Every structure is written in structure tokens, then in C-alpha cells.
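Following: one structure in C-alpha cells, then a few remarks.
On a predicted model such as this, the values are computed, not experimentally measured, just so you know. We use all heavy atoms of the structure for the numbers below, so side chains are in, but hydrogens, waters and symmetry mates are not. Within every chain, numbering begins at 1; the chains are lettered A, B, ... in the order of the sequence lines, protein sequences first and strands thereafter.
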Protein chains: 2
Amino acid sequence: MPKLGAKPIRKAALINAAILEVGRAGSLDVTVAQIARRAGMSPALAHHYFGSKEQIFLAAMAYILRVYGQTVAQGLPGQGPRGRLDAIIAASFAPINFQRETVSAWLNFYALALTSPQAARLLRVYHLRLRSNLVVALRGLVPDPLQVAGTLGALIDGVYLRAVLTPGPIDASAALRVVQTYLDEALT
Amino acid sequence: MPKLGAKPIRKAALINAAILEVGRAGSLDVTVAQIARRAGMSPALAHHYFGSKEQIFLAAMAYILRVYGQTVAQGLPGQGPRGRLDAIIAASFAPINFQRETVSAWLNFYALALTSPQAARLLRVYHLRLRSNLVVALRGLVPDPLQVAGTLGALIDGVYLRAVLTPGPIDASAALRVVQTYLDEALT
DNA sequence: CCGGTTCTTGATTGGTCAGTCAATTAAGTC
DNA sequence: GACTTAATTGACTGACCAATCAAGAACCGG
């Protein structure tokens, strides 16, 4: 039943399935067959659309980063100085981004950046944009925006890391509180 | 040439080689053959001593954590309240622990904790001990030692993460500075 | 309804690798 | 110097898997 225009739908399904499978497995050792089956198609089709397993992973990683970026952008406008900071931080722990499977996948894609130059590039872009957003939002509120932005970024990553490595359900509000408490201290 | 008592030597060599190979590759996708060859023996011998690839990884992970613990313990005695904090933090960025291969291996072993319950257990013990150390050292210096200890732990992890994910030589002193700056703020 | 395009998969292939086993070597022991 | 025990490896296997390919199925425009 070849409905035309299946390409974007299939690709989206594969990306979704890849995130889910990597997140569930907690590892990049996931077969293309697993991903394809989860997305409701044959492994051959997955190769047809993406060409290779790594391309699937890269697309999934880009997707996670893009969704995160959109969440930030959505919260940014208006708000005023402190409101922008809160929006950026809140985006990091919004339900869409802060689910076990997503965060687990995120960690594994981070590790992928050690291996794949393309993954490293994606990550660098994301890091730079996050930092830039933070620096702008911090300007005027704090003597050294660059330094605070760096600390905030690292702290967010660390909190992510610990959230996914701690057994039991992940606690977004506790994570958010840690970052906000730091920010309150830094702003005085 | 079977010299007796080879077991501990062989095991140590394998652990070392595993850390090096995983660190270099930036991935747990390292063959037993690679590790064994790097350690100067046949793959069969590696299996003979460890039984499985996962056991090699777990031993390597335990080794990294043990070395870190020893570095902390070495710096702890005497020093006074603030000195103890500095000792714990300094241990995290001491040259022995803070080398690219080691940190890269560390990141991958963290990811392993998502898969292997034993790895998760190792990590939990390490997290608890670190936190306990920090809480004791912070007592009296800060209104809420538990909270500051949690933030410090997360921040250290995040700084590690970013250090290894940033291309170019890793900068221990910059990493140390970030954490110390936070601590200075928290102590006021 | 025909030729082209897109979609789809079963079957296959080529390669890789963890783990096993049988056999060999060289100590130590009495 | 026979026996035990530790050390060591080459060869093998059983499984798994990414990627390919050829062929079938359904839509389209003319």
C-alpha cells in the first residue's frame, strides 16, 4: 500500500522509535531491526530511508536538541530579565524533555559525540546556543555573565546525569529546584 | 613460561588496558581482543581470568572509583574545615583522575550503569560516599549542607562531562576554578 | 492501460566477536 | 622423575547483525 509522501512519516517514526529504544535499553547497542520493528516497518526500509544506523542516531540526536531549542524559544519572549532565565531553565526540565527515556537517550548520544564528529558538531552547536542565551539573559544581573552561564550549563548537565542514574522515578521538580537555588545565590 | 602468581598481574594489566581502550575509543564497543592485545596477552587468557567482557568492565570501573576514593582519602586528614572541602574537590581534578582517557572511560562506565545493575551499584556507593564526605565537610560552614553537597556533586559531574566533550586538551585548572568559584559563593 | 516512480520486504551476504575447548608448556612438590 | 597445578594459546563455533539486492505491489500521469 504505497501511499505517496511516506518518507517524512517513516523518518519521524524511526526517529521516535530510535529514541525510545535507546532510552529503554540505556545503550546504543540497539539493532536496526529493533528500531524498525518498533516503528512498524522492516529493517530494510529503515536502511532505505536513512542509509545507515549512524544516520538514524544522528537524526534522533538532532531531533532531541531541536525540540529542546523550541521549548526554550517558546518560553523566551516577554518575561523580562529574570523571567528569561527561568524560561531557559524551565525548558530543561519540562515534561517533554525530562522523561527517563529521553534523558537516557540524551546521555547515550552525548557518549556518541566521543565517537562521531557529526554528533560532536551537533552538541557543540547546542552548547553554544545555550550559553549565548544564558549570557544575554544574565547581562546586567550579574557581574560575570560568561562565568555564571558556564556554571549553569554544567550544573544542568550534571543534574540531568544524576537524574537518570538515580533509580526510581525521576523527579523533575527536585532537579529544577537545585538549579534555581543556585541561580538565586548567583543573582545576589 | 608459566610464572606462578601471574593472576593479579594479568588482571591489573587487563584493567589498565580496558580503561585505555575504552577511553581512546570513546565507547564500550571495544573487543576483548583489543583489550587483551593491549595488555600483552591472548583474548583467551582475558576470558580465563575474568570470565566475561562485562566483568572486565566492572573491574575497570571499580578501579577508577577506588583510585578516586584513595585520592580523596589522601588529601583529607588535618586541613581544617575549608581545607577538607578543597581536598575533596582537588581530588576530582587531580592529574591521576582528570586525564582524557580516564574521564572518557568514566563517562562510558556511567552509561554502563544504565544497563548493568552491578555497575549501577558501584556508582551508587561512590555517590553516597562522596555526598557523605561533602556533608561532613560542609557542616557548620553552610546552613543546608545536604543541599549544597548535592549541588556540588552534580556540578562536578557536569564539569567532567563538559571537559571530555569539549575538543582540544582538557583544562583541569579551568574545571577546578568553576567548582571553587561556586563553593566560594555558597560559603558566604 | 502503460511506463515510471515510490514504497516495501524477504532473503542473503559478509563480517565480526564473545566465549569454549583441547592441547602445550613450565613451573612447584614430594 | 612422576604428579599436580597454573599459565597460556590457536583454533573453532555459534550467534548476531548491518547493509545489499532483487523483486513485488500500489499509485501516478499521460
Side-chain angles (χ1 to χ4, degrees), chain A residues 1-22 24-61 105 108-109 111-112 115-119, chain B residues 1-22 24-61 105 108-109 111-112 115-119:
Chain A
M1 327 81 178
K3 288 149 191 156
L4 291 202
K7 193 159 164 175
I9 297 164
R10 293 303 202 180
K11 281 188 137 185
L14 283 167
I15 287 173
N16 242 321
I19 293 171
L20 202 111
E21 287 293 319
V22 169
R24 272 215 208 296
S27 153
L28 294 179
D29 269 335
V30 182
T31 68
V32 173
Q34 275 172 49
I35 296 172
R37 211 157 302 151
R38 170 83 55 183
M41 71 195 78
S42 75
L45 197 53
H47 274 102
H48 174 66
Y49 281 125
F50 277 103
S52 80
K53 186 172 161 177
E54 188 175 16
Q55 290 305 314
I56 299 178
F57 283 160
L58 288 173
M61 187 173 172
N108 280 285
F109 291 144
L112 181 63
T115 310
S116 154
Q118 297 194 59
Chain B
M1 325 82 173
K3 284 151 190 153
L4 291 203
K7 193 159 164 175
I9 297 164
R10 292 303 201 180
K11 281 188 135 186
L14 283 168
I15 286 172
N16 242 323
I19 293 171
L20 202 109
E21 288 294 319
V22 169
R24 272 216 209 294
S27 152
L28 295 179
D29 270 335
V30 182
T31 67
V32 173
Q34 274 172 48
I35 297 172
R37 211 158 302 151
R38 171 81 57 180
M41 71 195 78
S42 74
L45 197 54
H47 275 103
H48 175 67
Y49 282 127
F50 276 102
S52 79
K53 187 172 159 176
E54 187 175 18
Q55 291 304 314
I56 299 178
F57 284 159
L58 288 173
M61 188 174 172
N108 280 285
F109 290 144
L112 181 63
T115 309
S116 154
Q118 298 194 59

*asked:* Under the rule for salt bridge (charged side-chain N to carboxylate O under 4.0 Å, His left out), what residues qualify as partners of R37(A), not counting sequence neighbours?
replied: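 R37(A) satisfies salt bridge (charged side-chain N to carboxylate O under 4.0 Å, His left out) with no residue once adjacent residues are dropped.
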
Take atom [atom1] of [X] and atom [atom2] of [N], then tell me their distance rounded to the nearest Å.
X	N	atom1	atom2	answer
K7(A)	dC7(C)	NZ	P	7 Å
R37(A)	dA18(D)	CZ	C1'	14 Å
D29(B)	dA18(C)	CG	P	9 Å
E21(B)	dC17(C)	CD	P	12 Å
I9(B)	dA6(D)	CD1	P	16 Å
Q55(A)	dA19(D)	CD	P	10 Å
K53(B)	dG19(C)	NZ	P	8 Å
F57(B)	dG19(C)	CZ	P	10 Å

Residues which pass side-chain contact (heavy atoms from CB on, under 4.5 Å) with [X], listed by chain and number, not counting sequence neighbours:
X	answer
T31(B)	A33(B), Q34(B)
T115(A)	S27(B)
A59(A)	I15(A), F50(A)

Listed pairs, N/O of protein and of nucleotides 22-24 of chain C, under 3.5 Å:
none

Closer to the 5' end of DNA chain C via nearest nucleotide, is it Q34(B) or R10(A)?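 Final value for this comparison: R10(A).
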
| Heavy atom of residues 39-48 of chain A under 4.0 Å from DNA chain C: which residues? |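 Heavy-atom cutoff 4.0 Å gives M41(A), S42(A), A44(A), L45(A), H48(A).
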
Any side-chain heavy atom of Q55(B) sitting closer than 4.5 Å to one from Q118(B)?
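Yes, at least one pair of side-chain atoms sits under 4.5 Å.
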
Residue pairs passing the salt bridge (charged side-chain N to carboxylate O under 4.0 Å, His left out) test with at least one member in residues 26-35 of chain B, sequence neighbours excluded, are none

The complete set of salt bridge (charged side-chain N to carboxylate O under 4.0 Å, His left out) pairs with one or both residues in residues 38-53 of chain B, sequence neighbours excluded, reads E21(B)-R38(B)

Q: Looking only at side-chain atoms of T31(A), point me to the closest of dC7(C), dA18(C), dA18(D).
A: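 Within the option list, the nearest is dA18(D).
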
* Below 4.0 angstrom from OP1 or OP2 of dT6(C), is there any side-chain N or O of Y49(A)? ->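 Checking Y49(A) against dT6(C): no side-chain N or O falls below 4.0 Å of OP1 or OP2.
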
Hits for side chain to side chain donor-acceptor pair (under 3.5 Å) against E54(A), two or more places apart or cross-chain, chain-then-number order -> S116(A)

Checklist entry - Given the rule in the side-chain contact (heavy atoms from CB on, under 4.5 Å) test, do L28(A) and F109(A) qualify, once you have shown the distances and angles that lead to the verdict? => result CA-CA 8 Å; L28(A) 294 179; F109(A) 291 144; 3.9 Å; yes

